[in-house]
There are 2 protein chains.
Amino acid sequence: MKNNGPIETSCMHCNVRLNSVFNVLDEGQVKDLCIHKSCAVYKKGQYVFTENGLPAGLFCINSGKIKLTTTGYDGKEQILRLVKSGDIVGYRALLSNERYHCSAVTLEDASICIIDKKYFFDAIESSPKLMFEVVKKMSQDLKVAEDHIVSLSQKNVRERMAEALLFLKATYGFEEDNQTINVSLSREEIADYVGTSTESCIRLLSEFNNDKLISLKGKKISILNLQKLIQTANIED
Amino acid sequence: MKNNGPIETSCMHCNVRLNSVFNVLDEGQVKDLCIHKSCAVYKKGQYVFTENGLPAGLFCINSGKIKLTTTGYDGKEQILRLVKSGDIVGYRALLSNERYHCSAVTLEDASICIIDKKYFFDAIESSPKLMFEVVKKMSQDLKVAEDHIVSLSQKNVRERMAEALLFLKATYGFEEDNQTINVSLSREEIADYVGTSTESCIRLLSEFNNDKLISLKGKKISILNLQKLIQTANIED
DNA sequence: AATATTATATGATTTATATCATATAATGCC
DNA sequence: GGCATTATATGATATAAATCATATAATATT
């Protein structure tokens with residue numbers, strides 16, 4: 001049932017302005033852009049692009065959540081970035097004219113546009129504003145990556161686990177109850193982000209649960225004591 | 001004696017083309033650029049810019065080696081990037097209009113140009129080629145950072161140490177003897193890159209030395225058995 | 001619905017690596 | 001040149017976290 005390719009849909013209903021980097025474009029530019037993009041619907045677990053593939057364009061997430069993963073040593077998966085609606089993905093390889101060094105997989109059903117490569121390059125060349133937006137996006141991703149490096153180098157697993165929960169909350173926000181993190185990841189996926197074993201991940205979540213920092217209901221994690229979670233993460237401020 | 005500020009020198013003797021991103025400029029553009037940059041000589045250990053500072057321009061390394069470091073938890077230093085002559089530094093914060101999130105410190109005496117901020121922005125706006133060069137640079141740094149994340153998440157200290165030596169070799173190359181890595185870092189600095197304790201770093205270098213993978217002479221490290229070091233690093237290929 | 005498969009959970013054990021301790025070598029300083 | 005400081009080295013110990021093992025719960029599959 002899975003991985004049978006995305007279902008193409010009309011592009012008329014999706015609003016490209018959703019994607020923050022395009023907010024700098026004016027009405028005419030957006031209209032023009034829409035001609036050169038096509039939308040597709042992806043089922044949960046489908047690949048948007050894969051490691052070592054060649055970029056054909058820029059992907060814009062209209063709805064749904066995406067993980068960017070790379071295959072590490074002994075085939076172990078590493079989650080590099082987590083992406084939400086409004087974000088662009090695949091811009092790095094596209095801009096630097098390289099193959100993808102990671103894969104993009106949907107974490108839930110998603111609607112994603114692809115903007116034609118040639119058109120995108122024309123667009124950023126003619127609109128410095130747009131170019132700066134994309135540059136800012138990459139700059140932000142670089143900062144996040146380097147923060148992750150410091151965390152992995154200097155923090156223990158417990159601290160990183162608490163930090164990861166705060167990161168998930170910051171990225172995807174809460175559900176209507178104002179405490180449940182609005183994303184469903186398996187314990188293994190969380191471990192693949194934190195850089196630990198699945199067992200250690202499960203154990204620590206259990207501990208946090210026992211300590212009433214969080215509560216667990218299946219894959220859904222609720223933050224009960226934000227202050228204590230921040231303390232556990234050992235965040236400086 | 002240290003940190004008494006860089007000594008300003010004439011800009012006439014330094015060739016901006018050294019800096020790879022500027023290779024795409026033509027003769028006239030280089031000449032123009034030279035008017036808007038100023039060179040400075042730094043002693044070993046001096047700060048080029050510091051964490052939380054505001055960027056005044058783009059730094060180009062004419063000669064010397066630089067480390068980009070950030071202060072982690074409990075004040076522990078993390079080395080994020082290592083830079084050599086021809087490279088640019090401080091571009092991330094400059095482009096995204098943010099404060100520096102890391103400091104740049106010279107590892108040896110260095111000659112560094114600073115290109116005026118306003119002029120640099122004009123230059124990249126008028127020259128898409130230059131813009132793309134800078135974007136490629138950031139893209140490369142992002143890739144390296146994400147590779148580092150995978151390594152920190154999935155490899156043990158021994159593997160990361162071997163990998164770090166290969167990284168130092170790839171970055172700075174060998175001396176004339178074709179085996180001595182052309183950079184002098186303290187054991188603590190290497191540990192701050194690898195993400196381990198100074199003691200573990202010293203111990204592992206000692207081990208590699210005993211196993212004839214490398215040889216040690218003060219801060220100078222020579223690679224004696226590249227093949228075995230690659231194996232130890234557990235590099236896939 | 002029944003069975004197979006995968007995900008979550010938790011205990012027991014091992015191991016890598018940090019930490020603490022102390023010694024020696026190298027470097028900076030008056 | 002001699003003294004202080006810092007860097008390197010190595011041993012002993014503690015401990016965080018991986019690994020191995022097994023059980024149960026939750027999902028898929030037929």
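Here is the naming used below: chain letters follow the sequence lines, and residue numbers restart at 1 for every chain.
In this structure, the side chains of B:L107 and B:L82 come closer than 4.5 Å at one or more pairs of heavy atoms.
Between B:S206 and D:dT10, a side-chain N or O to OP1/OP2 separation shorter than 4.0 Å is present.
Rounded to 10°, the angle separating the first-five-pair axis and the last-five-pair axis of the helix from C:dA1-D:dT30 to C:dC30-D:dG1 equals 50°.
In the model, B:Q78 has a side-chain atom that pairs as donor or acceptor with a side-chain atom of A:S153 under 3.5 Å. Counted by atom type alone, B:S139 and A:R92 present one or more donor-acceptor pairs between their side chains at under 3.5 Å. Between B:E163 and B:S151, the side chains place a donor N or O and an acceptor N or O closer than 3.5 Å (distance only, hydrogens not considered).
By the side-chain hydrogen bond (donor to acceptor under 3.5 Å, both in side chains) test, A:K76 pairs with A:D192, sequence neighbours left out. B:E175 is linked by a side-chain hydrogen bond (donor to acceptor under 3.5 Å, both in side chains) to B:K220, counting only residues two or more places apart in sequence or in another chain. In this view, B:S222 and B:T180 satisfy the side-chain hydrogen bond (donor to acceptor under 3.5 Å, both in side chains) rule, not counting sequence neighbours.
Aromatic rings of B:Y193 and B:F167 (six-membered ring for Trp) have centroids within the 6.0 Å cut-off, being under it.
Put simply, NZ on A:K43 is 13 Å from P on D:dA28, counting in whole angstrom units.
Between the side chain of A:R99 and the backbone N or O of A:E51 there is no donor-acceptor pair closer than 3.5 Å.
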Going 5' to 3' through nucleotides 11-25 of chain D and flagging B where a protein heavy-atom sits under 4.0 Å of the base, S where only the sugar-phosphate is that close, and - otherwise, we get BB----SSBB-----
Between the protein and nucleotides 4-7 of chain C, list the N/O to N/O atom pairs that are separated by less than 3.5 angstrom.
residue	atom	partner	partner atom	Å
C:dA7	O3'	A:K219	NZ	3.4

